[in-house]
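Single-structure report; data block below.
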Amino acid sequence: MASLQSPAKNPAAPCPCGTGLPYSACCGRWHHGPQHLQAPTAEALMRSRYTAYVLDLLNYVRDTWHPQTRPAQLEPNPVGLKWLGLEVRRHIVQDDKHAQVEFVARSRLHGRAQRLHELSRFVREDERWLYVDGEIR
C-alpha cells in the first residue's frame, strides 16, 4: 500500500507528477543526487518542475529556468494551497534541442479550484533541458 506521507519526508511515497512511480525513482532523482538537474526529456523536466512547485523546491525551479526568461525571484506556495494533480496532454519534440509540453495543473486555494493550462517551450543547452516560457491556454 502506498504511503500517504509527503515525498519530501518519504522518498517511497508516490511522486506528485502522476506517473505512479515512487518520488525517489521519478522526480526525486532530478531534484537531488547524482542526476540533479539532468531530466532526459522536456516532459520529464516539466513533470519535475511541477513536483518542485508542489514541494516548494524553488531553487530547483529557478535552476531549470532559462536565464534569459528566469524571474528575479519566486514566491513560495501561499498558505492553504493544495496541488491536486497534473495532466500531460502532449509532448512535442521539434528537434534534439527544442520541445513543447502541453499540460494542465490543478490546485485549490481556500476552497477555490484553480487550473493552469499551458503550452510550455523548452530548449536543450549544454546537455540540459531548460524551461523557456509558456502560453496560457
Side-chain angles (χ1 to χ4, degrees):
M1 185 156 129
S3 170
L4 297 177
Q5 282 185 309
S6 161
K9 295 179 182 169
N10 178 6
C15 191
C17 80
T19 61
L21 295 171
Y23 172 70
S24 61
C26 194
C27 296
R29 57 192 164 155
W30 318 132
H31 293 164
H32 315 285
Q35 294 177 307
H36 181 64
L37 301 174
Q38 299 297 317
T41 65
E43 180 181 347
L45 179 63
M46 193 281 310
R47 287 181 178 279
S48 71
R49 285 173 54 85
Y50 168 83
T51 297
Y53 276 109
V54 170
L55 301 176
D56 260 337
L57 301 175
L58 300 182
N59 287 338
Y60 181 84
V61 174
R62 279 189 46 76
D63 290 345
T64 57
W65 207 312
H66 196 279
Q68 291 181 349
T69 57
R70 180 187 303 145
Q73 67 182 43
L74 297 170
E75 297 298 322
N77 288 324
V79 174
L81 180 71
K82 178 174 174 65
W83 291 95
L84 301 175
L86 174 70
E87 175 192 350
V88 174
R89 295 209 170 158
R90 293 186 294 162
H91 176 209
I92 304 158
V93 178
Q94 296 160 306
D95 58 39
D96 63 340
K97 294 193 183 284
H98 300 90
Q100 296 179 331
V101 179
E102 182 180 2
F103 70 91
V104 176
R106 291 182 172 79
S107 62
R108 185 173 54 240
L109 181 59
H110 306 301
R112 224 173 147 191
Q114 301 178 353
R115 180 177 181 263
L116 172 64
H117 183 183
E118 181 175 299
L119 179 61
S120 300
R121 292 187 320 127
F122 295 85
V123 65
R124 188 175 175 138
E125 292 183 356
D126 299 324
E127 303 303 313
R128 285 185 46 217
W129 283 102
L130 296 167
Y131 172 79
V132 177
D133 59 20
E135 174 188 314
I136 303 298
R137 299 284 172 123

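It should be emphasised that the depicted structure is a prediction, and the values quoted were computed from it without experimental measurement.
- Taking 4.5 Å as the limit, every side-chain heavy atom of F122 sits out of range of all side-chain heavy atoms of L130.
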* **side chain to side chain contact (heavy atoms under 4.5 Å, CB included) between I92 and V101, worked out** => CA-CA 6 Å; I92 304 158; V101 179; over 6 Å; no
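- Note that OG1 of T51 is 12.0 Å distant from CH2 of W30, once rounded to the nearest 0.5 Å.
- By the criterion of side-chain heavy atoms lying less than 4.5 angstrom apart, applied directly or through intervening Ile, Leu, Val, Met, Phe, Trp or Tyr residues, L74 is grouped together with V54 in one hydrophobic cluster.
- At least one side-chain heavy atom of P78 sits under 4.5 Å from a side-chain heavy atom of L109.
- Looking at heavy atoms from C-beta onward, P76 lies in side-chain contact with L58 at the 4.5 angstrom threshold.
- The cluster map of Ile, Leu, Val, Met, Phe, Trp and Tyr, joined by side-chain heavy atoms under 4.5 Å apart, puts V61 and L55 in the same cluster.
- Applying the salt bridge (charged side-chain N to carboxylate O under 4.0 Å, His left out) rule to pairs touching residues 98-113 yields E87-R106, R90-E102, sequence neighbours excluded.
- In this structure, the side chain of W129 does not engage the main chain of V123 through any donor-acceptor pair within 3.5 Å.
- Cluster membership for L45 and V104, using ILVMFWY side-chain heavy atoms within less than 4.5 angstrom, is not shared.
- V93 and L119 are members of different hydrophobic clusters when ILVMFWY side chains are connected at heavy-atom separations under 4.5 Å.
- The 12-atom threshold is exceeded at CD of E125, counting heavy atoms of other residues, nucleotides or ligands nearer than 6.0 Å.
- Note on residues 69-112: pairs passing ring-ring contact (aromatic ring centres under 6.0 Å, His included), not counting sequence neighbours, are Y50-W83.
- Taking all atoms of both residues into account, the shortest heavy-atom contact from L86 to C17 is CD2-O, 3.7 Å.
- To the nearest 0.5 Å, atoms CG (L84) and OG (S107) are separated by 6.5 Å.
- Contact check for I136 versus L116: side-chain heavy atoms found under the 4.5 Å cut-off.
- In this view, E118 satisfies the salt bridge (charged side-chain N to carboxylate O under 4.0 Å, His left out) rule with no residue, not counting sequence neighbours.
- Sorted by first then second residue, the salt bridge (charged side-chain N to carboxylate O under 4.0 Å, His left out) pairs that include residues 126-135, not counting sequence neighbours, are R121-D133, R124-E127, E135-R137.
- Here salt bridge (charged side-chain N to carboxylate O under 4.0 Å, His left out) pairs that include residues 47-73, with residues two or more places apart or in two chains, are E43-R47.
- For residues 55-80, the set of pairs meeting the ring-ring contact (aromatic ring centres under 6.0 Å, His included) definition, not counting sequence neighbours, comprises H31-Y60, W65-Y131.
- Side-chain atoms of T64 and S48, non-hydrogen and from C-beta on, never get closer than 4.5 Å to each other.
- When atom types are taken as modelled, the side chain of S24 and the backbone of A12 share no donor-acceptor pair closer than 3.5 angstrom.
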